[in-house]
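Because the structure is a prediction, the values reported are computed rather than measured.
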Amino acid sequence: MRYLSPFRFGRTNSVTKAGEHPAASFQRALNNLFDDFFSGSEVSPFEEKLGSFNPRVDMTEDEKEIKVTAELPGLEEKDIEVNFSKDILTIKGEKSQEKEEKGKETYYSERTFGSFTRVIQIPSEVDHDKIDATFKKGVLNIALPKVAKPVEQKKKIQIKAA
């Protein structure tokens, strides 16, 4: 019966990062599941009815900083708002398009409006004063420099017999 199951008994197939709380790992996995499901098409049927869209967001991390990249085609800098509070990065935006065609006997006008909000939990301590965001050709890049932690010094303690 075990060979029919997609799970491996006795093995952990965990995607938990070192030191990460299991609930945070579960939340990240669930977010990735929904992102993968709705990224099959540019606009899902649910989003099309609501008039909103969900931009693609990538996050990378190294020793010095965390980089967040969001694809926001058709938006301008004035349509985007970025906030950082404690360990939460929030990206908000509003997209509006108007299309109008006039002919001799026809008139066609279409307006679409939509908004989005992406909330991302940042896993490390960030230097709030040095956060930098740039927007160019529909791509938002956010650099979140990490706080420099003091180097821990090890000291061997001598054990004395009593």
Side-chain angles (χ1 to χ4, degrees), residues 6-7 12-149:
F7 305 104
T12 58
N13 196 9
S14 176
V15 292
T16 307
K17 293 180 181 177
E20 184 177 35
H21 191 275
S25 173
F26 177 71
Q27 179 68 45
R28 186 170 38 82
L30 198 57
N31 288 344
N32 289 339
L33 176 70
F34 279 97
D35 285 347
D36 291 345
F37 179 76
F38 288 115
S39 68
S41 64
E42 191 169 312
V43 178
S44 74
F46 304 111
E47 293 170 344
E48 193 172 319
K49 290 178 186 174
L50 297 173
S52 65
F53 69 103
N54 196 16
R56 190 102 174 132
V57 176
D58 294 320
M59 184 169 78
T60 59
E61 179 178 7
D62 61 20
E63 305 85 34
K64 296 179 182 179
E65 68 181 358
I66 298 170
K67 293 180 183 179
V68 177
T69 304
E71 297 175 9
L72 305 171
L75 291 178
E76 295 179 19
E77 182 182 339
K78 64 180 176 63
D79 300 327
I80 304 166
E81 180 181 330
V82 179
N83 296 311
F84 187 78
S85 176
K86 295 183 184 177
D87 62 346
I88 303 292
L89 177 68
T90 306
I91 304 170
K92 294 180 183 181
E94 189 170 324
K95 186 176 186 177
S96 62
Q97 292 179 325
E98 293 186 30
K99 186 176 182 182
E100 185 175 357
E101 294 179 16
K102 293 181 181 180
K104 284 186 177 184
E105 297 179 13
T106 61
Y107 176 77
Y108 174 76
S109 177
E110 181 178 344
R111 293 180 184 95
T112 57
F113 299 92
S115 63
F116 71 90
T117 301
R118 291 296 303 258
V119 179
I120 304 164
Q121 183 174 3
I122 304 299
S124 299
E125 290 187 29
V126 172
D127 187 351
H128 289 55
D129 297 328
K130 295 183 181 178
I131 296 174
D132 184 40
T134 58
F135 186 71
K136 185 176 181 181
K137 295 185 180 181
V139 179
L140 176 66
N141 291 302
I142 304 169
L144 303 149
K146 293 182 181 180
V147 174
K149 294 184 180 180

State which residues pass side chain to side chain donor-acceptor pair (under 3.5 Å) with [X]; sequence neighbours excluded, sorted by chain then number.
X      : result
Glu76  : none
Glu125 : none
Asp58  : none

Any ring-ring contact (aromatic ring centres under 6.0 Å, His included) involving residues 74-95? Give me the pairs, sequence neighbours left out, ordered by first then second residue.
->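 As it turns out, the ring-ring contact (aromatic ring centres under 6.0 Å, His included) pairs with a partner in residues 74-95, which skip direct neighbours, are Phe84-His128.
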What is the distance from atom [atom1] of [X] to atom [atom2] of [Y], rounded to the nearest 0.5 Å?
X      : Y      : atom1 : atom2 : answer
Lys130 : Leu144 : NZ    : CG    : 13.5 Å
Thr117 : Glu94  : OG1   : CD    : 10.0 Å
Ile122 : Ile88  : CD1   : CD1   : 8.0 Å

In chain order, what residues pass the side chain to side chain contact (heavy atoms under 4.5 Å, CB included) check against [X], with sequence neighbours excluded?
X      : result
Glu100 : Lys102, Tyr107
Glu101 : Lys99, Tyr108
Glu77  : Phe135
Asp87  : Gln121

To check you understand the geometry: which heavy-atom pair defines the closest contact between [X] and [Y], and what is its length?
X      : Y      : answer
Pro123 : Glu61  : CG-OE1, 3.9 Å
Phe116 : Ile91  : CE1-O, 3.7 Å
Asp62  : Lys146 : O-NZ, 2.8 Å

With sequence neighbours left out, write down each residue that passes salt bridge (charged side-chain N to carboxylate O under 4.0 Å, His left out) with [X], or none if nothing qualifies.
X      : result
Glu63  : none
Glu110 : none
Lys67  : Glu65

I would like to know whether Val119 and Leu89 meet side chain to side chain contact (heavy atoms under 4.5 Å, CB included); could you show each step before the answer?
-> CA-CA 6 Å; Val119 179; Leu89 177 68; over 6 Å; no
Compare all side-chain heavy atoms of Val126 with those of Val147 and state whether any distance is below 4.5 angstrom.
->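 Heavy-atom side-chain distance check fails, nothing below 4.5 Å.
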Determine whether Thr60 and Ile66 make a side-chain contact, defined as any pair of heavy atoms from C-beta on separated by less than 4.5 Å.
->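 Side chain of Thr60 against side chain of Ile66, heavy atoms only: no contact under 4.5 Å found.
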What pairs of residues pass the side chain to side chain donor-acceptor pair (under 3.5 Å) test when at least one of them lies in residues 131-144, not counting sequence neighbours?
->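 Residue pairs with at least one partner in residues 131-144: Thr69-Asn141.
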Stepwise, does the side chain to side chain contact (heavy atoms under 4.5 Å, CB included) test hold for Thr90 with Val82?
-> CA-CA 6 Å; Thr90 306; Val82 179; over 6 Å; no
Can you tell me if Arg118 uses its side chain to pair, donor with acceptor, with the backbone of Pro55 under 3.5 Å?
->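 Yes.
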Leu72 pairs by side chain to side chain contact (heavy atoms under 4.5 Å, CB included) with which of Ile80, Asp79, Val139, Val57?
->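 Among Ile80, Asp79, Val139, Val57, the one that satisfies the side chain to side chain contact (heavy atoms under 4.5 Å, CB included) with Leu72 is Ile80.
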